[in-house]
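What follows is a set of notes on a single structure, which appears directly below.
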Amino acid sequence: MMSFLDLAKRRYATKKYDNVKKVSAEQIEELKEIIRLSPSSINSQPWKFTFVTNEVVKKELASKSYMNENSINDVSLLVVFSVMDDIEHFEQRNISILPELWRTAFYEPIVKANGDIATKSWMENQVYLSLGYFLSACISMGLDATPMEGIDRSAYKEILAQDGFSPLFAVTVGYADKTDWAHPTVLPKSRFELDEVVQSI
Ligand SMILES: Cc1cc2nc3c(=O)[nH]c(=O)nc-3n(C[C@H](O)[C@H](O)[C@H](O)COP(=O)(O)O)c2cc1C
């Protein structure tokens with residue numbers, strides 16, 4: 001079995017997908033179960049994950065995805081990550097069911113006390129966390145994936161007719177095309193040196 005470090009070296013933001021080799025229905029079901037289990041602060045789960053395989057809808061979304069259009073059209077699965085819109089609804093649905101202490105000793109004094117903008121930003125942080133988790137899951141299943149903030153969020157919201165949720169970013173999942181110039185064997189990973197980003201005390 002490949003170590004996590006090996007997987008980290010192998011995964012990369014795929015720019016060109018194989019448009020023949022498709023993610024299987026079983027793999028899609030497994031990814032759905034995995035993303036549902038994503039962790040979040042106080043288990044707040046302020047998210048919705050939309051798995052798009054419908055070609056018509058996917059094409060429409062691709063047309064609202066700037067430089068990502070071609071890769072979305074080549075790939076068979078696009079997952080859209082959205083955050084809950086309404087803080088009041090979030091508190092009723094997600095926060096009220098938590099252990100009392102999580103609300104009174106954490107959510108209210110540490111999150112909500114900072115105001116609506118900070119609370120919304122904290123909710124979005126939870127969705128971004130699930131992105132990291134999802135990207136790791138994909139490569140562990142031998143799937144290539146690309147996170148995409150380069151999407152028109154309001155067009156996505158309209159196309160998906162999402163009520164109460166707003167798209168933040170999308171992820172394509174599939175198999176990289178052999179000619180992809182971004183593949184790490186062609187374009188080596190670019191990162192700051194370990195000493196610059198990791199501190200040991
Ligand atoms: C939140 C987020 C948004 C991104 N948006 C895009 C995007 O819209 N299009 C794209 O081609 N790559 C996008 N990327 C990929 C990054 O450019 C890439 O992860 C980074 O350059 C590091 O390269 P690597 O992932 O191949 O190691 C995004 C990455 C993240 C984490």
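Side chains are part of it too, since the values below use all heavy atoms of this structure and drop only hydrogens, waters and symmetry mates. Start at 1 and go down the list; that is how both ligands and their atoms are numbered.
- With respect to the salt-bridge test (charged N to carboxylate O, under 4.0 angstrom), the residues Lys157 and Asp85 qualify.
- Below 3.5 Å of separation, one finds no N or O of Thr146 facing any N or O of ligand 1.
- At the shortest separation from atom 9 (N) of ligand 1 among protein heavy atoms lies Asn68 OD1, 2.8 Å.
- Remark: ligand 1 and Leu131 share no N or O pair separated by less than 3.5 Å (distance only, no angle test).
- A donor atom on one side chain and an acceptor atom on the other are found under 3.5 Å apart for Tyr12 and Asp180.
- Between Glu69 and Ser63, the side chains place no donor N or O within less than 3.5 Å of an acceptor N or O (distance only, hydrogens not considered).
- Considering backbone and side-chain N/O atoms, Tyr128 never comes within less than 3.5 Å of an N/O atom of ligand 1.
- Residues Ser38 and Phe134 fail the side-chain proximity criterion, which asks for heavy atoms closer than 4.5 Å.
- Side-chain polar atoms of Gln162 and Thr50 form a donor-acceptor pair below 3.5 angstrom.
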Q: Kindly determine whether Asn73 and Ser71 satisfy side chain to side chain donor-acceptor pair (under 3.5 Å), including the steps that lead there.
A: CA-CA 5 Å; Asn73 281 328; Ser71 62; over 6 Å; no
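- Taking a distance limit of 4.0 Å, we find that atom 21 (O) of ligand 1 is approached by no protein heavy atom.
- With hydrogens left out, the protein atom closest to atom 25 (O) of ligand 1 is Arg11 NH2, 2.7 Å, a heavy atom.
- Nearest-heavy-atom check against atom 10 (C) of ligand 1 across Lys15, Arg10, Glu149 picks out Lys15.
- For atom 7 (C) of ligand 1, the choice among Pro147, Ser65, Ser190 with the nearest heavy atom turns out to be Pro147.
- Ring centers of Phe81 and Tyr128: at least 6.0 Å apart, outside the cut-off.
- Taking the six-membered ring where the residue is Trp, Tyr107 and Trp122 present tilted rings, their angle falling between 30° and 60°.
- From the protein, the heavy atom lying nearest to atom 24 (P) of ligand 1 is Lys189 NZ, 3.4 Å.
- Panel note: side chain Ser44, backbone Ser40; no donor-acceptor pair is recorded below 3.5 Å.
- Distance screen at 4.0 Å: atom 3 (C) of ligand 1 has a protein heavy-atom neighbour inside the cut-off.
- Not a single N or O atom of Met67, backbone or side chain, sits closer than 3.5 Å to an N or O atom of ligand 1.
- The residues Glu158 and Lys64 are annotated as not salt-bridged, no charged nitrogen and carboxylate oxygen being separated by less than 4.0 angstrom.
- Annotation for ligand 1: atoms under 4.0 Å from non-hydrogen atoms of Gly150 are 8 (O).
- With a 4.0 Å cut-off on non-hydrogen atoms, Arg191 touches ligand 1 through its side chain and not its backbone.
- Below 3.5 Å of separation, one finds no N or O of Tyr12 facing any N or O of ligand 1.
- Remark: minimum distance from atom 18 (C) of ligand 1 to any protein heavy atom is reached at Ala13 CB, 3.9 Å.
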